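In what follows, a structure is listed as structure tokens, so that the remarks can point back to it.
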Amino acid sequence: MNAVFYIAAAVAAVSTIMVVSRSNAVYSLLYLIVSLLSVALIFFVLGAPFIAALEVIIYAGAIMVLFVFTIMMLNLGPQTAEQERKWLSGRAWAGPSILVAILMAEMLYVLWGGDHQVEGRHIVEPKEVSVALYGPYVMIVELSSMLLLGGLVAAYHLGRRVHGDGKEQQP
Amino acid sequence: MLQLLWTVPALPLLGFALLALFGRRLPRAGVSVIGAGSVGLSAVASGLVAWGYITQTVPAAYSQCLWTWMEVGSLKVDMILWLDPISLVMILVATGVGFLIHVYSTEYMRDDADYARFFAYMNLFVGAMVVLVLAGSLPMLYLGWEGVGLCSYLLIGFWYDNADNARAAVKAFLVTRIGDIGMLIGLFVLWFSLGTLDIQPLMERAQLQWTPNSAVAVAATALLLCGALGKSGQLPLQVWLPDAMAGPTPVSALIHAATMVAAGVYLLARTHVLFDLAPAVQCVVAVIGAATLLLAGTSALAQRDIKRALAYSTISQLGYMFLALGVGAWSAALFHFMTHAFFKALLFMAAGAVILAMHHEQDMFNMGGLRRRLPLVFWTFLAGAMSLAALPLVTAGFYSKDMILWSVLSSPKGGFLLWAAGVVGAFLTGLYSFRIVFLVFFGEEKGHASAKPGPAMMIPLVLLAVLALGAGFVEIPETLGRVALFSSFMGVHAAEASAVLGEGTQQVLAALLALGGLAAAVVLYLLRPGIVKAWVATPSGAALQRLCASGWGFDALYGMLIIRPVVALSSLCRDDFMAVVWRAVGICAEGAAAGLGRAQTGRLRFYMAGIALGAVVVLALVVLL
Amino acid sequence: MMATVPTEYGMVLAAVLFCTGLVGLLVRRNVLFMLMSTEIMLNAAGLAFVVAGSRWHEPDGQIMFMIIVTMAGAEVAVGLALIMRFYHLFKTLDTDAADTLKG
């Protein structure tokens, strides 16, 4: 099963790099879905089947659909892709890449300090997750519901049509 | 009936709250109804309370404890209302005259933009005064005391867009504050010495624990006197009162008649037991009163502004009250306070009607001949002036002033000199009050008067004119057939002491001098105005005139003795070492702000890079350390 | 079906994904791409949680991931609404156009 992990990891890394480097938003989005699916596979391999399902359903499913709708509504044409290509010059990459390379190096340094454990893994069943979720973590469930309600209200409010003079109108 | 006592302060305060919160949204008629109505209802309530008090089977002071204000250690201050004859008279005057002034204001302030603000302040003023008067403990009295101080500041500076008005308001506030500090320390001394601040226990303990003229008695009463001097505009803190004329005329009427300046007299009357234990301080009170009444009387003679002339006359009449307080005749002082409230409110409001008719002209030398234009105002003003001048037999002022003069002469604490000062003051009073009458209402017409006052202004004037003439009949001296409703109500009996002069003789003398003042005014200002003009033209006359017009130069004196040294000292301190330090702080902050402001580029990616850099640095610290 | 890769490898993958997302966030000027990069970073953080949870055989890591998903859902809804508003206002998706807060 180790091979599955390594292949999925490679796919995830490559597709993620493609996400940030494409100039067409739809391509980017497709690569992002690939990345999410491969991460879902990694979850499965790591013994978290429930989370793998959630990743596919919510992340790769629902959230990405939102992105697709937005891209459709914005109606970005080929000139936007052209614009993107112009923005993604080599110089634009240099500074952030160096900064993030340092960050990466630091993180690797920290990670290598630990013990290298290769013992057999253990599947954490959805039942265990649910018992913990509705046991000690029940308050977090409540907070999540509040968060989602807030997101709903905010999205509704921000999504209203705005006139040129900035006055709002009922949708 | 007596249970209604709490509504007397509550109603004006409620009116204030309503007007302060919703005044801008209310129509003018609504503001008038709330503003005048709350004080009117309060007056009705005090009338009912008075009826309840008089018809008690056993006359006794009534107290109503509302709640405990604070409790710290052994200090327990209750919000307690205390009704006895003194406070009853005071609330009747404060709410009754206050109501008439409010009614008058509905017309006087009709065209003002800040109509609601005006009535809010006025209601608060009356409310604070009633709290002061009904207070059963000194801290509560002090609350009302500061309340009227605040309101006088707000109302004197009511038209604050004129810098002079704002300055007059600040002056009134600061000068009375000097006295208030004294009073506050006085409260501390009383607490320290007697262990209570509730007024009635305080009086009882003082009588038991203090020996007359002991140091603590003198100190405490002298400090209380400081507060009273400031509030009541007596020497040497009288300078704020003439400048307080910057406010609208109804405010002057309210300050001078029903509230504010009466507070000092009330405080001394309320604590007269303490003052009886400190005869030395009482003597000072009497001397200050006598000096003030003469000084203010002469100053009133030289004023051109009708309101300033009336203001000095108030100071002078308050001098009479202090004179009476100084010889222990506090009931006479309160009687004079009551009649004074009637005729002084009347005079101010009539003056306001004149000023309004003359299009805000206040210089008396630009008026004249208004007798024919404003007949009703003339007759009411004349009634007030007669009462102020204490013309014998027919006016209220005569009976109250006579009571004071007789007390001064007959009391062992008084004496001939103090009495003589009072009698000379009576002459001056007659002279300056009729000077105003003749300058304003007689002679040729100079200005162009228009705008006859309406009923809302005239009805209070007529009512007050009746009171100014008739209110004296509740107390008629023995020589004229002895009616003693007021003093028996107060629970004091007129002194039966024999003096150098008999009561009748001194009455005749005082009355003659008052009439002499009137006669002199007739000669100098009506028949032969040339005499005064010629005399003022001479160098000595001009100098004296300037001196009197400036109120004996107290403003200049204080300017030289206090204000200039303080200003010089503070400008000296402006650039001291510490200032450099503070300025350095400012410069550093400015530089840092300029530097950090450059980081505010408005570009999202720049901020994000900042966050990433921060993460790198924090992680590096974690890794390396 | 169990893998026996060391925990560090999973963590390294999370770090790689996170850093890629960060680069995207810093490089892109189009606000839509920036939002996608944010999603990548959130997902990477979730991966780290799950890896850690599986290392100690605890469900806590997975619960944390669920919270991250919830948060990401709310964030995307608000973020996309903001993007729509942004586009209506500026007629572009360039974040550098919105620099009126410049100090």
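In the text below, chain A, chain B and the rest are named by the order of the sequence lines, each starting its count at 1. This is a predicted model, so every value here is computed, not measured.
- Chain C forms more heavy-atom pairs under 4.5 Å with one residue of A:S97, A:A10, A:A48 than with any other, namely A:A48.
- At a 4.5 Å heavy-atom cutoff, the contact between C:E58 and chain A is made by backbone atoms alone.
- For A:I140, the part lying near chain C is the side chain, with the backbone staying farther off; criterion is any non-hydrogen pair under 4.5 Å.
- Contacts of A:L66 with chain C are made by both backbone and side-chain atoms, with heavy-atom separations under 4.5 Å.
- When heavy atoms are compared at a cutoff of 4.5 Å, C:L47 approaches chain A by way of both its backbone and its side chain.
- Residue A:Y6 touches chain C through its side chain alone, counting heavy-atom pairs closer than 4.5 Å.
- Of the two parts of C:T70, the backbone and the side chain both hold a non-hydrogen atom closer than 4.5 Å to a non-hydrogen atom of chain A.
- With a 4.5 angstrom heavy-atom cutoff, A:L149 does not touch chain C via any of its atoms.
- Between chain C and the options A:I51, A:V141, A:V129, heavy-atom pairs under 4.5 Å are most frequent for A:I51.
- Comparing C:L25, C:I40, C:L42 by heavy-atom pairs within less than 4.5 Å of chain A, the highest count is held by C:I40.
- Using a 4.0 Å cut-off between charged nitrogen and carboxylate oxygen, C:R28 and A:E84 count as a salt-bridge pair.
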>> Set out, in order, the CA-CA distance, both residues' side-chain angles and the distance that settles side-chain contact (heavy atoms from CB on, under 4.5 Å) for A:L54 and A:F43, then state yes or no.
In response: CA-CA 10 Å; A:L54 276 186; A:F43 286 152; over 6 Å; no
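- Not a single donor-acceptor pair under 3.5 Å links the side chain of A:S35 to the backbone N or O of A:Y31.
- For the options A:G151, A:A12, A:P136, A:S144, heavy-atom pairs under 4.5 Å to chain C are most numerous at A:S144.
- Side chain to side chain, A:E55 and C:N43 meet the donor-acceptor criterion of an N or O pair below 3.5 Å.
- Paired with A:V39 under the rule side-chain contact (heavy atoms from CB on, under 4.5 Å), one option of C:V50, C:L17, C:L13 passes, and it is C:L17.
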